[in-house]
Participant: 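Handing you a structure now.
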Amino acid sequence: MGEKRFRATQLFRWIHQRGAQDFAAMSDLAKSLREKLAGKAEIRPLPIVTEQISTDGTVKWLFDVGAGNAVETVFIPEDDRGTLCVSSQAGCAVGCRFCSTGHQGFSRNLTTGEILAQLWMAEHKLRARLGLKPGERAITNVVMMGMGEPLQNYNALVPALRVMLDDHAYGLSRRRVTVSTSGVVPMMDRLREDCPVALAVSLHAPIDALRDDLVPLNRKYPIAELMQACLRYLEAAPRDFITFEYCMLDGVNDTEDHARALLALVNGRGPNRVPCKLNLIPFNPFPASGLLRSPREQVMRFAKILQDGGLVTTVRKTRGDDIDAACGQLAGEVQDRTRASERMKRLPVPIVPLGSPLR
Ligand code: SF4
C-alpha cells in the first residue's frame with residue numbers, strides 16, 4: 001500500500017497483541033490510513049459455535065469455518081504454561097485408525113488467517129477471563145496437533161508459524177511452537193529450511209507392517225525414511241530431540257515385544273540413532289474405531305522397558321476427558337469429500353504379530 005514499514009509493525013501490534021477488531025480504534029494510525037485499511041481488509045474473528053470448559057480447566061472451542069465445517073481448538077492450562085492445540089485443516093486426509101478426526105474424512109485446508117484466528121481468539125478470550133494485565137500472556141506454547149496434518153497444508157502453515165514467532169505479534173520462541181506430523185517426509189525437509197520449530201512425530205508403531213495400518217501415510221514414507229528425515233530435521237531444529245508420539249492401543253501396539261522393537265528402532269547404535277523423547281498417549285476410545293485403551297499396568301510396563309533402555313519416556317496425562325478434548329478426540333464438523341468414514345468402517349482392526357519383518 002506504499003506505507004512505511006513501521007506502519008505494518010503498528011498494525012501487527014494492534015491486531016495480535018491488543019486484540020483490536022476495528023481499524024477505527026487504532027489511534028496512532030493516521031485517519032486516512034485507517035480508512036484505506038477499512039476499504040481493503042477486514043478483521044473477522046471466527047464465529048464460536050460452542051465453548052466448553054472441563055473440570056480440569058481445559059477449554060475447547062468449536063469454530064465455524066463455513067460451508068458446514070467447524071474445527072476445534074483446545075487450551076490446556078498447567079502450572080508453568082498454557083498450551084493451545086491448534087487445527088490446520090477441516091478434517092484430515094491421512095486417516096489414522098485411532099483418530100476421531102481421521103474417521104471424519106477431509107473437507108479443506110484452513111487459510112493462514114483461520115489458523116491464526118484460533119490463537120487470536122483463544123489468547124484474547126483467556127486474557128479477559130483470567131484478568132491478565134497488558135503484556136501478560138495466557139498462551140505460552142502452541143502445538144499444531146489439532147485437526148489435520150499441518151504439513152499437508154504447508155503454504156498456509158508457514159506464514160502462520162512466522163506470525164506466532166514474531167515479536168510484534170505473539171513472540172513465542174521456536175522451542176515453544178511444535179508442529180506435529182504423521183511423517184510427510186518432503187515437507188519435514190522444507191520446514192527445516194523455512195521455519196524450524198519443535199517437531200513431534202506421530203509414530204505409533206515400530207514396524208512398517210503395523211504402521212501401514214495405523215498411519216496409512218507410512219505406505220508412502222516408511223519408517224526408515226521417516227527416521228532419516230528426523231535426523232536431517234535435527235540439524236536445524238531449535239530442540240536437540242524429536243518427540244515421538246505413541247498412542248497405546250490394547251493388544252495392537254502395546255506388548256513388551258513392541259516396546260523392545262521401538263527401543264531398537266530409535267536407540268540403535270551409530271548414525272541411525274535418533275535423539276528423541278517418547279510420549280505415550282493413552283488411547284481415547286470412540287465407537288467407530290473398534291479399538292480399546294491399553295490397561296494402565298500395560299502402559300507402565302511398556303514405559304519401563306523404554307526407560308530402562310535409556311529413553312526419556314512420559315505418559316501423557318489425559319486432559320479435558322469430560323468435554324472430549326483429549327488427544328485424538330477432536331472431531332469438529334467435517335463435510336467429508338473423501339468418503340473416509342465409509343472406507344474405515346470396512347477395515348478390520350490390525351493386529352500384526354511381531355515376527356520376521358522385525359528382527
Ligand atoms: S492423527 Fe493427525 S494425521 Fe492422523 S488422521 Fe488424526 S489428525 Fe490426521
Side-chain angles (χ1 to χ4, degrees), residues 60 62-63 65 69-74 84-110 114-115 118 142-154 156-157 178-188 191 199-205 210-223 226 229-230 242-249 252-253 279-286 288-291 293 316 318 324-334 336-345 347 349-350:
K60 181 172 83 167
L62 182 66
F63 291 114
V65 293
N69 293 305
V71 298
E72 293 185 323
T73 309
V74 180
L84 192 72
C85 182
V86 172
S87 293
S88 56
Q89 298 179 309
C92 183
V94 176
C96 299
R97 296 290 302 279
F98 48 84
C99 171
S100 189
T101 306
H103 278 256
Q104 286 207 309
F106 176 71
S107 180
R108 70 168 175 88
N109 283 330
L110 298 187
E114 288 166 336
I115 295 171
Q118 299 169 64
V142 169
V143 290
M144 296 301 307
M145 273 185 204
M147 296 168 68
E149 163 53 67
L151 294 187
Q152 286 188 340
N153 186 13
Y154 191 80
L157 172 74
T178 301
V179 167
S180 173
T181 180
S182 54
V184 190
V185 165
M187 293 301 157
M188 289 166 67
L191 188 67
L199 189 72
V201 171
S202 300
L203 191 57
H204 310 303
L210 179 56
R211 195 165 189 270
D212 282 351
D213 275 330
L214 294 177
V215 184
L217 195 67
N218 195 68
R219 293 175 207 150
K220 195 159 180 195
Y221 306 113
I223 292 174
L226 179 57
C230 288
I242 302 282
T243 303
F244 287 121
E245 311 283 353
Y246 197 100
C247 182
M248 299 292 289
L249 305 166
V252 174
N253 66 352
N279 192 15
L280 303 180
I281 306 169
F283 174 55
N284 292 298
F286 56 98
S289 72
L291 298 163
R293 176 185 290 196
R316 184 176 293 174
T318 297
D324 284 351
C327 241
Q329 282 185 323
L330 300 190
E333 281 164 25
V334 177
D336 181 23
R337 296 193 286 112
T338 61
R339 296 176 181 264
S341 48
E342 287 166 39
R343 268 198 328 275
M344 288 175 109
K345 256 185 232 153
L347 291 171
V349 174

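Values below: every heavy atom of this structure, side chains too, minus hydrogens, waters and symmetry copies. We count ligands from 1, going down the list as the structure has it; atoms in each ligand are counted the same way.
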Participant: Does a donor on one side chain sit under 3.5 Å from an acceptor on the other, for Ser88 and Glu149?
Facilitator: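 Looking only at side-chain atoms, Glu149 and Ser88 do not form any donor-acceptor pair under 3.5 Å.
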Participant: Please determine whether Cys99 has a backbone or side-chain N, O or S atom lying under 2.8 Å from atom 6 (Fe) of ligand 1.
Facilitator: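 Yes, within the cut-off.
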Participant: Distance to 0.1 Å, residue and atom name: give those for the protein heavy atom nearest to atom 2 (Fe) of ligand 1.
Facilitator: Gly148 O, 4.2 Å
Participant: Find the distance between CG (Leu84) and CE (Met144) and round it off to the nearest 0.5 Å.
Facilitator: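 One gets 9.5 Å once the value is rounded to the nearest 0.5 Å.
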Participant: Rounded to the nearest 0.5 Å, what separation is found between the CE atom of Met187 and the OG1 atom of Thr181?
Facilitator: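 Met187 CE to Thr181 OG1: 10.5 Å, rounded to 0.5 Å.
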Participant: For atom 4 (Fe) of ligand 1, find the nearest protein heavy atom and state the residue, atom name and distance (0.1 Å precision).
Facilitator: Cys96 SG, 2.4 Å
Participant: Of all the atoms in ligand 1, which lie at a distance below 4.0 Å from a heavy atom belonging to Gly102?
Facilitator: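 Near Gly102, meaning under 4.0 Å from one of its heavy atoms, ligand 1 has 5 (S).
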Participant: Ignoring hydrogens and angles, tell me if any N or O in the side chain of Asn109 forms a donor-acceptor pair with the backbone of Gln89 under 3.5 Å.
Facilitator: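 Here the side-chain-to-backbone pair does not exist.
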Participant: Considering only heavy atoms of Gly95, which atoms of ligand 1 have at least one such atom less than 4.0 Å away?
Facilitator: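 The list of qualifying atoms is 5 (S).
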Participant: Give the atoms of ligand 1, by number and element, whose distance to some non-hydrogen atom of Cys92 is under 4.0 Å.
Facilitator: 3 (S), 5 (S), 7 (S), 8 (Fe)
Participant: Could you state the interatomic distance from OG (Ser87) to CG (Asn69), rounded to the nearest 0.5 Å?
Facilitator: 11.5 Å
